[in-house]
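Worth saying up front: this structure is predicted, and the values here are computed from it rather than measured.
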Amino acid sequence: MGYRRRDSSLTDFIEPIDYDEESWDYADADTQYHVHGIHPYPARMIPQVAKRLILHYSKEGDTVLDPFCGSGTVLVEALLNGRNAIGVDINHLATLISKVKTTPINPEVLSDALNKIICKLKSGNITPKRLTPSSVNKWFKPYVINDLSILKQAVDHVIKNEYSQSVYEFFEVALSMTVRKSSNIAFDDNPYFIRTMTGEKLKKHRPNVFLIFETICKDMIRRVGEFYKSYPSNVHVKVITGDARKLPLDDCSVDAVITSPPYGEESHTMSYVRFSKLSLIWLGYDLEKIKLMEQNTLGGLVQKYDYKEFPEDIQKIFLTVRSKNKKRAYEMLSYIYDYKRALSEVSRVVKKGGYICIVIGDRSVAGVKISNEVITKALMTQIGLRHVATFYRRIPKKVLPRSDYKVELINKESIIIFQNVG
């Protein structure tokens, strides 16, 4: 049983609504419609779930926060449904994609800019410059590195001199997609596992960098054009590159929180930084900055916290894992410590009566199955939030990488609803 407000007030009476009549699976739904399809991103909340939560747990004119916004799915759906949106993420590629997906740009301006970039490329008067460290050589054929360098210079020359920052960011996302599609990454098994092609497949791999870029841009312009036509004039969005454990927001400043946090520390679950690394390098980020970004993820810095400071359910999980592998137990506990800090920040910024919707899957640590639903509920109860309801979504195609690059099927997500009762 879930809940729906009877009228516009967050603190007024709420009436129960039976969610069993409609599945949360959306097994056959198109999850790439509109701007949602402009750039892949790992472990993305599907737009159908985001929209449903937005409609049930906020109202038009509210401000919806996603403190782990990733590529901006929640932000897009909030805007399209008449809500203001704030997104925060520590990953620079994530916030770049989010900005582009949530910025209404006239497609005629983008088409004009693309034509000028193509003309610049056809002029043949760009001298290639080495723009990346030699460590990326294995990911690209030599001629691809050359062509990507020319492309980056053409984009910088045309867009920086004539267009806005928003237009430049659009073409940065297009460049990121071109980097991925022209690289030697093997996408056969899963698009989020970063491994190189081998054998005959690598020999036959001859990407046309400029054609890939043009094709990507035309598809992105079409998608952004759809968003441009649909964008309500009375909403606004803010995308922040920052830390969910230190939200740059005032107390009680948002009406609802809808988010899908990382399922665990990057080194043993989904590495968002590893997924983003090649794109970030080509966009001009140095390796030290990327490394620092990884260290600042949840659980990125491992410390031996006192497990007795956590709720009893988490203590039991920790002791079970510690009996199998002490090192992994403290890595997990470091993630849980940081996760609690982020949830505490969320509870600080949400208004009294506001809802917090957490979409999260389970994981394994040292062969022990870990319920992130149990961990989330224990932490939120300790913080002082009221648990409203939990729903489940089957996701037969979702996988997480393990250290040996085998995959572990994640076949269920928990959709956990809390309320700030003050």
Take Ser58 and Asp255 through the side-chain hydrogen bond (donor to acceptor under 3.5 Å, both in side chains) test and state the conclusion after the steps. CA-CA 7 Å; Ser58 69; Asp255 299 288; over 6 Å; no
ring-ring contact (aromatic ring centres under 6.0 Å, His included) partner of Tyr330, chosen from Tyr307, Tyr305, Phe318: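 Only one of Tyr307, Tyr305, Phe318 forms a ring-ring contact (aromatic ring centres under 6.0 Å, His included) with Tyr330, namely Phe318.
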Quick check: Phe170 with Tyr163 (ring centres under 6.0 Å apart)?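 No - the distance between ring centres of Tyr163 and Phe170 does not fall below the 6.0 Å cut-off.
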Does Tyr272 have its ring centroid less than 6.0 Å away from the ring centroid of Tyr41?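 Yes: the rings meet the under 6.0 Å criterion.
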List in chain and number order the residues that pass ring-ring contact (aromatic ring centres under 6.0 Å, His included) with Tyr285, two or more places apart in sequence or in another chain; answer none if no residue qualifies.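 Checked Tyr285 against ring-ring contact (aromatic ring centres under 6.0 Å, His included); matches are His92.
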Does any N or O in the side chain of [X] come within less than 3.5 Å of the main-chain N or O of [Y], such that one atom is a donor and the other an acceptor?
X	Y	result
Asn84	His236	yes
His36	Val76	no
Arg245	Asn296	yes
Ser253	Asp250	yes

Quick check for you: to the nearest 0.5 Å, what is the distance between [X] atom [atom1] and [Y] atom [atom2]?
X	Y	atom1	atom2	answer
Arg44	Thr31	CZ	OG1	5.0 Å
Lys340	Leu298	NZ	CG	14.5 Å
Asp338	Gln303	CG	CD	8.5 Å

